[in-house]
Every structure is written in structure tokens, then in C-alpha cells.
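Report on the following structure.
None of the values given here were measured: they were computed from a predicted structure. Counting begins at 1 with the first residue of the sequence.
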Amino acid sequence: MLAALVALPAIWWLLRMTPPKPVIEVFPPLRILASVLKREETPSKSPWWLTLLRMLMAAAIILAIADPVFNPRSNTLSGNGPLALVIDNSWATAPDWQRRVETAGALIGDAEERDLPVAIVFTADQEHNAVPGSAVAARNRLAAAQPQPLRPDRRAAVNALTTALNGTAPGTLAFLSDGIEAGDGKIMTELAALLPENFKLIEGSNDQAVAISNSANDAESMVVSLSRLDTANARTLPITAYDTRGRAIANGSVTFAAGEGLAKGTLAAPFELRNDFARVAIDGAATAGGTFLLDDGFRRRRVALLSGEARDQSQPLLSPLYYINRALAPYADLIQPNEADMAVSIPDLLAQKPSMLIMADIGRLPEETYAPITKWIENGGTLVRFAGPRLAAAPADDPLVPVTLRQGERALGGALSWSEPQPLADYPALSPFAGMPKPEGILVKRQVLAEPTADLSSRTWASLADGTPLVTTKTQGAGRIILFHVSAEATWSNLPISGDFVEMLRRSVQLSRSGGVASEGATPGQTLAPYRLLNANGILISETGKARPLEIAAGSAPASSAEHPPGLYGSEEGFTALNLLPRDAQLKPIVASGLSVPYTAEPLIGAEAWSLKPSLFAAALILLLIDSAVVLFMGGAFARRRMPAAAMIMLALAAGALIAMPGQSFADDSKPGDDIILRQLDKTHLAYVITGETDVDRLSERGLAGLTDFLTYRTTLEPGPPIGLDIAADELALYSLIYWPVSANAPMPSPQAISRIDAYMRSGGTVLFDTRDQFSSLSSGSGTSPNAERLQTILADLDIPPLEPVPADNVLTKSFYLLSSFPGRYNGSPLWIEAQPDNGSQPTGRPARSGDGVSPIMITGNDFAGAWAIDSNGMPLLPTVPPDEQQRELAFRSGVNIMMYMLTGNYKADQVHIPALLERLGQ
């Protein structure tokens with residue numbers, strides 16, 4: 001074909017004798033005079049530069065057909081022995097496998113030209129046949145070979161080759177390596193020990209040798225760790241997360257600095273999307289190492305938190321959920337209810353499919369919530385409960401505890417106890433806490449006790465030194481119930497402020513299922529059949545081939561091998577992911593120093609020899625396009641007629657805000673009754689419960705009206721008129737105190753109304769129950785009045801704390817007036833409020849307890865409203881019993897103290913204000 005270049009002079013002469021087409025001019029009348037004397041001319045030959053352009057085009061076509069090759073290879077095989085080929089067909093060879101086949105095929109072709117036998121082995125195959133044979137047989141084996149999703153086992157391949165050669169030194173030994181050291185650091189030494197006359201190390205570019213070594217689902221994103229072999233230059237690699245259907249649902253990137261072999265990147269996505277990740281892959285790196293499979297163990301758990309005390313305490317560190325939040329925030333997605341009403345909040349939490357529900361010191365639950373919680377547990381949910389005063393006072397037949405509890409609590413240490421605070425015993429061998437360091441420095445001062453049963457020891461995960469259980473559990477359906485027999489804050493023990501508490505909760509979360517009803521994870525001793533396997537290109541396939549079932553051993557992570565290729569093991573209902581590389585593995589280059597024979601390093605054949613044919617044909621095509629444009633221009637195609645005018649541009653669509661037409665109405669987001677609520681927000685209003693009895697409701701209204709007038713005249717508080725409330729429909733959060741006159745003749749409130757009252761009390765409100773019958777004991781048996789019996793029925797559906805009569809040092813006795821009792825129309829019943837814990841740490845002589853928060857409940861039988869009730873002239877409606885105006889005055893003062901206590905809380909308990917108050921009094 002190169003001989004055709006001799007014809008270029010003839011082509012030159014032909015092109016010179018073929019002029020372009022003459023230009024045709026249109027002569028309008030005004031141009032006739034200007035061209036009268038112009039003589040028509042026709043060019044006799046084409047311009048030289050156009051002829052040169054066409055000559056170059058012809059030369060490019062001739063050279064392209066001749067197929068020139070840049071830097072062609074030569075046959076350098078030694079003829080003093082067979083050709084031995086050791087070929088890596090590991091995961092890293094998948095991107096350039098075809099070039100490796102071409103390189104090996106060229107070497108086999110060279111051996112065929114010299115009539116040399118060929119021995120060929122593949123390092124990732126399970127079986128090796130390294131006996132030297134014909135070049136045709138070697139070429140057939142090469143064509144049948146494929147890259148495997150495995151790391152190479154070079155030592156087994158070299159041993160097979162050594163046995164097959166049986167002491168015969170190969171003439172040429174070519175090692176087509178992937179460049180990655182695979183735990184066989186002396187592989188080059190072992191190959192050199194075969195004493196080849198010509199030793200070749202052939203490698204690719206190694207820029208595709210990148211693998212994912214780990215993945216962690218953190219609080220805000222998934223962190224992916226990558227390792228690369230070529231660390232010369234800085235590089236940024238995109239990564240993508242896919243779901244089970246292969247859809248891309250999140251993207252990120254990993255950036256390597258120059259000289260850096262390890263790097264991390266993030267996949268930012270919401271919690272729900274991250275739990276849908278089925279695999280993470282490096283974009284553009286279609287290998288088994290560039291794909292990381294995920295199973296249930298990588299999913300981040302969602303944990304719902306619920307507390308029996310939702311009000312803001314004066315000491316935040318005593319909040320039941322404070323230490324739980326701090327312990328679980330790095331390991332789980334935490335959610336809390338938006339509603340204080342448990343009848344509403346618990347179904348809302350379960351609808352978000354949490355893996356675990358933690359309840360801190362909750363005694364009674366609304367009756368309608370037990371069924372959904374039980375169903376959620378049986379479907380795979382994990383319920384964790386912490387003890388506290390409410391749980392200690394709850395009934396013993398609670399179905400949501402793992403063991404039968406004794407009512408009340410056990411105090412260790414203190415003035416009334418002979419026993420000392422107990423440390424923790426060693427964790428049992430069958431407990432998930434086994435393997436943790438021996439607990440040191442943890443002391444338990446209070447706990448709830450379990451009734452002794454035959455299976456109590458098997459249900460105990462942790463216990464005290466005296467043998468009493470600290471953590472117990474019970475399996476229920478597919479789920480589990482776990483109980484910590486101490487509180488979640490540091491009043492009962494110092495466990496919540498220890499590192500053991502964090503590790504206990506973390507291990508408990510890992511035992512839970514993702515989403516509560518997700519697939520089963522693998523358990524120690526279990527054997528899982530291959531379900532889906534990963535091929536060398538990082539694609540899951542259903543063909544399992546010769547893969548054997550995977551055995552899950554306790555304390556060790558399974559590793560991929562020829563018998564256990566990377567993939568998913570199990571079934572559609574549940575599986576475990578086995579990835580190619582161990583966690584946090586690093587790709588390292590093969591060491592090739594200190595060898596007994598010299599070697600030559602060569603690239604793959606595609607990297608040194610390449611054809612110029614495509615480039616020459618592309619150059620000829622470009623020259624042809626240029627020639628065509630020149631001929632059209634010289635023929636007057638652009639000068640003779642103008643380009644057709646463009647079509648008229650369409651009018652742009654009008655954009656902007658929509659203008660409301662006259663009379664147009666807009667949506668109103670207000671709700672019925674909002675105007676009433678807004679009017680009630682201007683002042684503080686006293687509120688009472690409408691019972692449905694006319695006389696009782698009228699007396700409540702007049703009683704609160706009398707207390708309102710007394711507050712206006714005696715204090716700076718000027719309340720508005722009292723408000724009657726329908727607790728089943730009205731908004732309760734607007735009122736700090738609700739007066740409830742208990743009447744046995746009134747209709748019983750509905751469960752929904754009781755639940756709303758329970759939520760109101762949890763949110764910081766207080767209900768003052770008045771039985772109006774000198775009710776004096778919450779636990780009295782026979783002889784109670786009908787009103788007291790009705791109150792007991794109402795309180796049975798409320799999760800109330802332990803109660804006690806107002807202590808002499810309580811803030812209620814000094815919030816405005818100094819009082820020693822709280823009489824009403826009667827003077828025989830104490831005022832009951834929430835009992836405050838006494839851990840023996842109260843300093844002697846302190847005027848008020850430091851923990852005095854606002855009690856959510858008050859109970860009396862002294863008929864406050866009867867003593868406060870006045871008519872339109874301000875005169876009392878009912879006499880006191882016995883008739884005593886001083887008792888009525890004390891009743892009004894009791895009302896003032898209650899209101900100041902509600903509005904200021906434990907303000908008067910703080911000694912820091914005493915100097916300022918004394919100075920004010922001195923002025």
C-alpha cells in the first residue's frame with residue numbers, strides 16, 4: 001500500500017487540471033453599466049493550496065490502509081525451555097482482562113513460532129493443570145479463562161507449576177500480575193527459584209486497583225473507606241449507594257491526596273434511605289473489590305424514647321432520658337414523641353417502625369396501648385424498660401416486664417437500711433454483655449426486686465454481688481423485653497454515668513432487628529447456604545457454582561475464599577453479606593527485590609503498541625470536510641443567496657405572581673375556636689372541670705370567682721374570669737391549674753378524656769382534685785365516701801407518682817403566706833402532693849427541699865370552692881364547718897399559696913434571694 005504514494009504526482013497533475021466550478025453572477029439593471037467593459041474569465045487551474053489539501057487527504061488514506069503500528073513488539077522468548085505463564089485472574093484484572101488475554105495470546109503466538117511448549121496456570125482458580133503442552137491447548141485454556149471475584153492464591157499456582165516442570169527450568173517465565181500483594185510477600189522469590197533464563201513481570205497501569213475496605217452507618221451519613229494501589233497522584237472517586245432493586249439512591253465522593261493509599265468519604269442521606277442501602281459501589285470501577293455488600297448488620301437502628309417524667313426538672317441531669325440520649329446518639333437514630341398523651345404518642349412512635357422502644361420509669365400505660373405494643377414485640381421489636389418510683393408502684397401483673405416484680409423498691413444503704421450499696425457481679429457467660437471488662441466502681445443503692453422463679457437465672461443478663469438481678473430479659477414471639485432494675489438517671493445507682501452503661505445499651509441495640517421486623521441476622525453456629533454471589537465485575541448473580549455453605553463462628557468474622565466467594569449467604573428472608581476484603585484491608589504492591597535472577601518489567605501489550613489507522617482516517621475525514629466547505633465557498637454558494645430568515649420568535653409566556661381578582665377569596669388556616677383561645681391568652685384564668693351537675697358547676701364557678709377577687713386585692717396577680725372546661729374537647733394547655741370537684745353522681749369521664757388529663761399533667765400542668773368529704777387516705781378500704789370511690793376509679797387510669805401530705809418544709813407552706821395547714825370549708829383533710837425522693841443527701845437545716853418542682857397532682861377533701869364561693873355582692877355563699885371566718889381567711893390564703901406555687905415553682909426554695917429580700921424589707 002505504501003507503493004501507492006508514487007501515484008501522488010499524477011494525482012497532483014489531475015487536480016491542477018480540474019478547476020472549480022465557475023462563479024455565476026446575476027446582473028441586476030443597476031450593475032450593467034459597471035460591468036460593460038468586464039470580460040468574462042474562467043480559471044484554467046485550481047489554486048495550489050487547494051491542490052495541496054487534496055494531496056494530503058490522499059496521502060492520509062494511503063497511510064491508513066497500510067496500518068502503521070507505533071512501537072511494535074518483537075519476539076524475545078528464550079528457546080532454551082518451555083514458556084511458563086503465571087496469570088493473575090483475580091478481581092483486580094476485570095477492567096483490563098481483554099488486554100491481559102491479548103498479551104498472553106501474543107506470548108503464546110511467539111512460542112508457537114519457535115515450536116515451544118507452553119505451561120499456563122491461573123492464580124485464582126481452584127484447580128491447576130500446569131503440565132507444558134501445545135500452544136493450541138494453551139490458547140484454548142486462555143480463551144476459556146475468566147477473572148474471578150477472589151484474591152489470588154499464587155502459592156498454590158506456583159507449587160502446581162513447580163511440580164509440573166519437575167526440575168526443568170523454563171526458558172521464559174512471564175508473570176502477568178495484578179500488582180497487588182495478597183499475603184504472599186515472597187511470591188517473586190519463589191518464581192525466581194524456578195531459575196528461568198528470561199523472567200518477565202508484566203503489569204497493567206494499576207489505576208483501576210481500588211477497593212472498598214469498610215463501611216459504617218454513622219449518625220448523619222454512611223462513611224465508606226477506600227484503599228488504592230497507585231498512590232502517585234491526587235484523585236477523587238465518585239461512589240453510589242444502591243437499593244435491593246439496583247436503583248441509585250445516594251451519591252458521594254472519596255478524595256485521595258497525593259501519596260495517600262487510604263481515604264474515607266460519606267454518603268449523606270436521611271436515616272430511612274441509608275437503611276435501604278443494599279450495596280455501595282465505586283463509579284467506573286466495575287470489580288468485586290469496588291462493590292461493598294450490606295446486610296441487616298450495617299443498618300442503623302431507630303430507637304424510640306419514652307419517659308414517665310416529661311416535665312423540665314430544675315436539675316436537668318436528673319432527667320430519665322438524659323444519659324440514654326448521650327449513650328445511644330452515636331449508634332442509633334433517636335426519636336421522641338411529639339405528644340404527651342401516651343394514647344396518641346405510642347401509636348405514632350410504633351408507626352415509625354423503631355427497632356427498640358425504651359421506656360424510662362413508666363408504671364401504668366393507657367389500656368388501649370398494651371395491644372399494639374405487644375403485637376410490635378411479637379413481630380420482632382425490642383422493649384427496654386428502666387425502673388423508677390412509678391414502676392415500683394405499678395401493679396405486679398404488668399405484661400410488659402420480663403419477670404414478676406415485687407411491689408415497691410429495695411433501698412441499699414441509708415439510715416433505715418442495714419445493707420450497703422452493692423457492686424456488680426461478673427457478667428454471665430451466656431449474656432450479651434459477656435466479654436466486657438469486669439465492672440469496677442459501680443454501686444447500686446436502690447432497685448426493684450424480682451420474685452424468685454426456676455428460670456430467673458437463665459433470664460438474667462447482669463446481677464449484683466449479692467445475686468439479685470440487675471438486668472433481666474424475656475423472649476416474646478420474635479421480639480424481646482429487657483428490664484434494667486435501676487433507674488435511668490443517677491439517683492438509684494451510678495451505672496448511668498459509667499462506660500458500662502454505654503456498652504450495655506450499644507450491645508442491646510445491636511441485638512434488635514432493623515425496623516423491628518427486619519430479616520434475621522446470622523447467629524453463631526449457624527450455616528448459611530449461598531444465596532447470591534458477586535462476580536468479578538461486581539454484579540450479584542444467582543449462579544452459586546461450587547460455593548459451599550458459610551459457617552458463622554462466634555468471635556470471628558468469615559473471610560472470602562474459593563470455597564466461599566463474596567456474596568450474600570442465607571435466603572430471601574434473611575442473609576449475611578460476605579465481602580471480598582477483610583475490614584480495613586489495605587492494597588499494597590508486590591515486593592520484587594533481592595531476587596536470585598534478574599527480571600524485566602513490561603506493560604501490557606495494549607500499552608506499548610498501538611495502531612495509527614484510526615487517527616489517519618480521522619485526519620482524512622477532516623480534510624474532506626474542509627475541502628467540501630472550500631469548494632462550496634468558491635462556487636458562490638454563500639455569496640449568491642442569503643440565508644433564509646429565521647422564523648419569528650414565539651411570544652414568551654408571561655411569568656410572575658398571580659394577581660387576585662376582585663372578590664376572590666383566599667384559604668383561611670384558622671380553626672374554629674381560635675378566637676376564643678386568643679381572647680383567653682391575654683390574662684391568667686383559673687379553670688374548673690365541668691362535671692355536668694348544675695349545683696356543683698355553679699359552686700365551682702363562684703368559688704374560683706371569689707379566689708380571683710382575693711388574688712386581685714391581695715397580690716399583683718390580676719386573673720381574668722374563671723373558665724369552665726370540657727376536658728374531652730377544650731384545650732387544657734392554656735391553664736396552669738385545673739380545679740376538679742369530684743362527684744359520684746356526675747358521668748364518668750371517657751378514657752380519651754382521662755388520657756388527655758394524663759398528657760396535661762405530664763406536660764407541666766396540675767390538677768387539684770377536691771372530693772369535698774374530708775378525704776384523708778388514698779389507700780383506705782371500706783368506709784370511703786362515694787366521691788372518694790369515684791376519685792379512685794379516675795386515678796386508676798392515670799400514671800401518677802407516689803403521693804404524700806404537704807411536708808412542713810415544702811415550698812407550698814411559704815410561697816406567699818406562711819401556712820401550716822390548708823383548710824377549706826372543712827379542716828380535716830391534708831393536702832396530698834407528689835412525694836419527693838430523699839436519698840439522704842439533703843443538708844440539715846435547709847428551709848426547703850432542693851428538688852421541689854411543681855407537683856402534677858393535688859388531692860384534698862376540704863371543699864376549697866365551698867369556702868371561696870361568693871355571690872354578686874361579694875358575700876360568702878356557704879358557711880365553714882365549724883363556722884369560723886378565720887378558717888375562711890386561711891382557705892383563701894391556701895388558694896393564694898397554691899397559685900403562687902403554680903406560677904413560681906421552687907423559686908422560694910432558693911436561698912440566694914434571701915439577702916435581696918431582707919434588704920428590700922429593710923428599705
Exercise for the section: Using the ring of Tyr242 (Phe, Tyr or Trp, six-membered ring only), decide whether Arg279 places NZ or CZ under 6.0 Å from its centre and within 45 degrees of its axis. Expected result: yes
Separation of [Y] [atom2] from [X] [atom1] (nearest 0.5 Å):
| X | Y | atom1 | atom2 | answer |
| --- | --- | --- | --- | --- |
| Leu328 | Asp333 | CG | CG | 11.0 Å |
| Leu383 | Ser512 | CG | OG | 12.0 Å |
| Leu293 | Thr576 | CG | OG1 | 11.5 Å |
| Ile212 | Ile282 | CD1 | CD1 | 4.5 Å |
| Ile120 | Asn140 | CD1 | CG | 10.5 Å |
| Arg151 | Leu581 | CZ | CG | 6.0 Å |

Are any non-hydrogen side-chain atoms of [X] and [Y] less than 4.5 angstrom apart?
| X | Y | value |
| --- | --- | --- |
| Phe256 | Leu226 | yes |
| Ile202 | Leu107 | yes |
| Val471 | Phe433 | yes |
| Val303 | Ile324 | no |
| Gln208 | Asp96 | no |
| Met188 | Phe175 | yes |
| Leu201 | Ile590 | no |
| Ser225 | Lys264 | yes |

Handout entry: Donor-acceptor pair between Asn251 and Thr240 side chains, under 3.5 angstrom
Key = yes
Practice task
Establish, from distance only, whether the side-chain atoms of Thr93 and Asp88 form a donor-acceptor pair under 3.5 Å.
Solution key: no
Heavy atoms only: give me the nearest [X]-[Y] pair and the separation to one decimal.
| X | Y | result |
| --- | --- | --- |
| Leu229 | Gly179 | CD2-O, 3.4 Å |
| Ala434 | Ala429 | CB-O, 3.5 Å |
| Leu528 | Gly570 | CB-N, 3.9 Å |
| His564 | Pro549 | NE2-O, 3.0 Å |
| Ser215 | Leu294 | OG-CD2, 4.2 Å |
| Pro598 | Phe199 | O-CB, 3.4 Å |

Could you check whether any side-chain N or O of [X] sits under 3.5 Å from a backbone N or O of [Y], counting only pairs where one atom can act as donor and the other as acceptor?
| X | Y | value |
| --- | --- | --- |
| Arg235 | Asp207 | yes |
| Asp295 | Ala577 | yes |
| Asn535 | Asn537 | yes |
| Asn214 | Ala216 | no |
| Ser227 | Gln586 | no |
| Thr473 | Ile481 | yes |
| Arg301 | Ser355 | no |
| Thr287 | Gly290 | yes |

Counting only pairs under 3.5 Å, give me each side-chain donor-acceptor contact of residues 160-174, with atom names and distances, residues two or more places apart or in other chains.
unit_1, atom_1, unit_2, atom_2, d
Thr162, OG1, Val158, O, 2.8
Thr163, OG1, Asn159, O, 3.0
Thr168, OG1, Leu165, O, 3.2
Thr172, OG1, Ser78, N, 2.9

Fill in the blank from the handout: For Val502, the side chain to side chain contact (heavy atoms under 4.5 Å, CB included) test, sequence neighbours excluded, returns Ala327, Tyr331
Problem - Atom NZ of Lys474 with >12 non-hydrogen neighbours under 6.0 angstrom - result: yes
Practice task
Carefully, step by step, assess Arg506 and Glu503 under the rule salt bridge (charged side-chain N to carboxylate O under 4.0 Å, His left out).
Solution key: CA-CA 5 Å; Arg506 188 188 69 82; Glu503 185 64 16; 2.7 Å; yes
Sequence neighbours left out, what passes salt bridge (charged side-chain N to carboxylate O under 4.0 Å, His left out) with [X]? Give chain and number order.
| X | answer |
| --- | --- |
| Arg155 | Glu190 |
| Glu563 | Arg548 |
| Arg532 | none |

Practice task
Run the numbers on Leu483 and Trp461 for side-chain contact (heavy atoms from CB on, under 4.5 Å), then give the verdict.
Solution key: CA-CA 10 Å; Leu483 172 63; Trp461 281 358; over 6 Å; no
Practice task
Under the side-chain contact (heavy atoms from CB on, under 4.5 Å) rule, what do Ile180 and Trp91 come out as? Steps first, then yes or no, please.
Solution key: CA-CA 11 Å; Ile180 304 174; Trp91 64 273; 3.8 Å; yes
Exercise for the section: Before giving the answer on side-chain contact (heavy atoms from CB on, under 4.5 Å), spell out for Ile87 and Arg100 the whole-Å C-alpha distance, their side-chain angles and the decisive distance to 0.1 Å. Expected result: CA-CA 9 Å; Ile87 303 175; Arg100 295 174 183 272; 5.6 Å; no
Handout entry: Residue pairs fulfilling side chain to side chain donor-acceptor pair (under 3.5 Å) with at least one residue in residues 425-434, sequence neighbours excluded
Key = Tyr427-Asp500
Exercise for the section: Run the salt-bridge test on Lys200 and Glu602 with the 4.0 Å N-O cut-off and return the result as yes or no. Expected result: yes
Exercise for the section: Indicate yes or no: does Arg154 engage Asp178 in a salt bridge with an N to O separation below 4.0 Å. Expected result: yes
Practice task
Could you check Leu262 against Asp584 for side-chain contact (heavy atoms from CB on, under 4.5 Å), going step by step and ending with a plain yes or no?
Solution key: CA-CA 9 Å; Leu262 297 175; Asp584 300 321; over 6 Å; no
